[in-house]
Every structure is written in structure tokens, then in C-alpha cells.
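A short worksheet on the structure shown next.
Remember, predicted model here, so these are calculated numbers, not experimental data. Quick note: residue numbers are just sequence positions, from 1.
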Amino acid sequence: MQNLSFNERLLAVHEFPYFQWKHVTELLRRDRDLLFPFTHPHLLPVNSAHLTAWRKYMSQLAMQRRLAWYREQGIGWITYFDERYPLSLKSIYDAPWVLYTKGNTELLQEGPRLAVVGSRSMTSYGRAAVEAFLSHGQVQIVSGLARGVDGHAHRQALTMGAPAIAVLGSGFGCIYPREHLALAKNIAAEGMLLSEYPPDRSPKKWHFPARNRIISGLSDKIFVVEADVNSGSLITASLALEQGREVCALPGPVFSRQSAGTNQLIYDGALPVLKPEDLSISGSRTTSHNS
């Protein structure tokens with residue numbers, strides 16, 4: 001077991017490529033101390049091929065060397081059971097077991113936070129709205145580093161000196177999209193990168209809907225700038241409502257495809273954003289045991 005602490009055992013289980021959130025959940029349900037994956041691996045709830053892969057994974061695991069490499073790369077990690085884990089995220093039912101960080105982790109203990117999401121095919125109208133409405137205040141801006149609205153929201157946050165948090169659908173060593181590599185470096189230097197995926201994990205299609213629950217879970221309010229009716233931003237809005245977060249949207253031209261989703265959100269009850277003050281967040285939610 002390599003004299004691993006509980007958090008290190010959780011990290012090792014979390015980083016096994018064949019384990020998903022539900023597998024870690026089942027392991028913790030069976031053994032709260034996470035000992036038997038290391039002492040009795042034959043009890044793992046996996047098929048024979050994955051059991052063989054686990055045994056090989058364990059034979060090659062050099063946790064202290066890996067953690068030293070994390071420190072060299074400026075990468076931090078926080079487990080669900082760590083006091084530094086944000087309470088706002090812990091409140092959602094499928095909170096990540098491990099969060100990887102790069103940058104100012106004190107942002108996880110502060111607030112308030114505004115999630116800004118929208119279409120990858122941002123129009124000039126959406127661009128103007130981001131620049132006009134995110135023009136003042138020190139609220140943390142949370143988004144997903146995607147093309148379009150997300151990336152522009154991050155750039156606007158950096159421009160106005162607001163804290164920026166980018167939640168990734170991949171590991172830090174596999175920034176996606178690649179054209180946002182420089183933007184990611186700037187966010188890490190002035191704000192924070194956050195991911196539930198190990199640094200060497202490449203992006204997969206299903207990572208991005210999963211990432212959206214972190215964006216909404218971290219935030220007090222979600223601002224959807226532009227979205228067509230099939231946009232992933234609407235997934236974020238739906239998750240936000242399930243998590244009890246406030247959702248607001250930018251109204252747009254009724255004939256614009258990029259405004260179809262936001263107009264529908266408003267029709268369904270989301271608050272329309274007509275001026276910067278509509279994005280204000282009253283109070284500051286406690287987000288950490290140490291706050």
C-alpha cells in the first residue's frame with residue numbers, strides 16, 4: 001500500500017483510467033477507508049480485464065514521485081474530504097472526488113462567483129454584451145475555456161482585473177482547444193485553472209457535460225450570453241437550476257439562432273439581463289470550512 005494516506009489512496013483510485021465517478025462512489029460505500037482496493041483487489045467491482053489493469057497500475061504506481069512532479073509543475077490537488085474543498089461544490093450530489101488546481105487556490109475560499117457561458121459561435125452582439133456587462137466589480141468569473149463566449153468572458157475578466165476561474169474538460173497537460181493555451185497560462189498566472197481530470201488526461205466528448213456541473217456548482221449565478229436550442233450552455237443552465245443556482249440570460253433577436261436558447265430560458269423563467277446591475281450578486285456565500 002506504499003504507506004499512502006487516505007487522501008493519497010483516494011487520488012490513486014481516482015486516477016485509475018477505468019474508474020469513473022460512480023466506481024469511486026461504490027468503493028467508498030463498501031470501504032470508507034479505501035483499504036481493500038490495495039489489500040484485497042479481488043473484491044473490486046470490476047471485470048477481469050480491469051482487475052488485471054488495476055494490478056498493473058498498482059505495480060507501477062509511484063505516488064510520491066508523481067506528487068513531487070505535481071509540485072514541480074505548480075499543480076495542486078484537493079480531495080472531497082479536504083477542508084479546502086469548496087462547500088458550494090460539495091453541495092451538489094455528484095461532486096468531484098478530486099479537484100486539480102493551478103494558480104490561486106484561495107479563490108476557492110472566496111466569492112461571490114458568476115458563471116458566464118454561451119455559444120462557441122459567438123456573434124458581435126454576444127461579444128459586445130460580454131464587454132459591456134462584465135465591466136466592473138470584483139466578482140469571480142467562472143467559465144469553461146471553450147471557444148466563443150467562454151473564452152471571451154475569461155479575457156474580459158483578465159482585462160478588468162477580476163478573478164478568473166477556468167474549469168477544464170481535460171487535464172492541464174492537454175488544454176483544449178489548443179488555441180487557448182496562452183489564455184490558460186494567463187488565467188493560471190492571474191486566476192486559477194480547475195479540473196477533475198489528472199494532468200495527463202486528454203479531453204473526451206463526455207467530459208464537457210460533466211465539466212458543466214462544476215461550473216454551475218461553484219457559482220452563485222449563471223449568465224447565459226448566447227445559445228442555440230441544442231447548446232451545451234443550456235445543460236449548464238439546467239444543472240444550475242437543479243443545484244438551486246440563479247439563472248439569467250441575455251435576450252436577443254427572435255430571428256437569431258444564437259439567441260433561440262437564451263430567449264427560451266427567459267420564456268421559461270430565467271431573469272433577463274438588460275444592464276450590468278442585473279448580474280450583481282447580493283452577499284458572499286461561504287465556500288470553505290476555513291472561510
Side-chain angles (χ1 to χ4, degrees), residues 113-137 139-160 162-169 176-177 179-180 183-184 187 191 194 203 205 207-243 245-281:
R113 302 191 189 101
L114 172 70
V116 182
V117 296
S119 173
R120 287 172 171 78
S121 302
M122 178 178 60
T123 68
S124 58
Y125 173 68
R127 178 185 297 272
V130 169
E131 294 172 0
F133 293 164
L134 305 185
S135 59
H136 68 287
V139 61
Q140 294 179 18
I141 303 300
V142 184
S143 198
L145 200 71
R147 298 182 181 95
V149 168
D150 290 31
H152 200 56
H154 288 311
R155 294 187 190 94
Q156 182 65 16
L158 294 174
T159 297
M160 66 182 187
I165 299 178
V167 185
L168 310 186
Y176 179 85
E179 62 262 32
H180 282 179
L183 176 60
I187 294 171
L194 189 69
K205 185 176 181 179
H207 287 180
F208 298 99
R211 172 207 60 188
N212 292 346
R213 83 192 194 285
I214 301 176
I215 293 174
S216 57
L218 277 176
S219 305
D220 298 277
K221 179 181 286 189
I222 290 77
F223 176 32
V224 185
V225 176
E226 287 185 309
D228 64 33
V229 292
N230 296 314
S231 173
S233 299
L234 300 187
I235 297 176
T236 308
S238 177
L239 290 167
L241 291 172
E242 291 176 7
Q243 296 163 351
R245 307 313 193 242
E246 185 177 5
V247 175
C248 56
L250 178 72
V254 295
F255 299 114
S256 170
R257 178 178 177 181
Q258 300 308 323
S259 293
T262 51
N263 288 341
Q264 185 64 48
L265 283 174
I266 293 170
Y267 181 84
D268 291 338
L271 299 175
V273 175
L274 305 178
K275 55 188 182 300
E277 291 74 20
D278 293 333
L279 295 177
S280 63
I281 300 172

>> Pair F223, E246 - check side chain to side chain contact (heavy atoms under 4.5 Å, CB included), show working.
In response: CA-CA 9 Å; F223 176 32; E246 185 177 5; over 6 Å; no

I need the [X] [atom1] to [Y] [atom2] distance, nearest 0.5 Å.
X    : Y    : atom1 : atom2 : result
R245 : R113 : CZ    : CZ    : 10.0 Å
I281 : D220 : CD1   : CG    : 4.5 Å
Y125 : S259 : OH    : OG    : 6.0 Å
D268 : L234 : CG    : CG    : 10.0 Å
R155 : H180 : CZ    : NE2   : 4.0 Å
R211 : L239 : CZ    : CG    : 11.5 Å

Contact between [X] and [Y] at the side-chain level, heavy atoms closer than 4.5 Å - yes or no?
X    : Y    : value
L218 : L194 : yes
I222 : I215 : no
V117 : D150 : yes
V229 : Q264 : no
C248 : K221 : yes
P251 : N263 : yes
L183 : L145 : yes
F133 : L250 : yes

List the atom of [X], the atom of [Y], and the distance in Å for their closest heavy-atom pair.
X    : Y    : value
A164 : H154 : CB-ND1, 4.4 Å
N212 : G232 : ND2-O, 3.4 Å
P163 : V139 : CD-O, 3.9 Å
A249 : I266 : O-CD1, 3.7 Å
S219 : L114 : OG-C, 4.3 Å
A132 : P276 : O-CG, 3.7 Å

> Between Q156 (side chain) and L134 (backbone), is there a donor-acceptor pair under 3.5 Å?
Replying inline: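 The answer is yes, because a donor-acceptor pair under 3.5 Å joins these two groups.
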
>> Does F208, at its CZ atom, have more than 12 non-hydrogen atoms belonging to other residues, nucleotides or ligands within less than 6.0 Å?
In response: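 Correct, the count exceeds 12.
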
> Do Q258 and T123 have a side chain donor and acceptor closer than 3.5 Å?
Replying inline: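 Per modelled atom types, Q258 and T123 side chains form no pair under 3.5 Å.
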
>> Is there a side chain to side chain contact (heavy atoms under 4.5 Å, CB included) between R147 and M122? Walk through the geometry before answering.
In response: CA-CA 8 Å; R147 298 182 181 95; M122 178 178 60; over 6 Å; no

> Can you name the one residue among V224, L279, V149 that meets side-chain contact (heavy atoms from CB on, under 4.5 Å) with V116?
Replying inline: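 That would be V149; it is the only one of V224, L279, V149 passing the side-chain contact (heavy atoms from CB on, under 4.5 Å) with V116.
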
>> Under a 4.0 Å threshold between the charged nitrogen and the carboxylate oxygen, would E242 count as salt-bridged to R213?
In response: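 Salt bridge absent between R213 and E242.
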
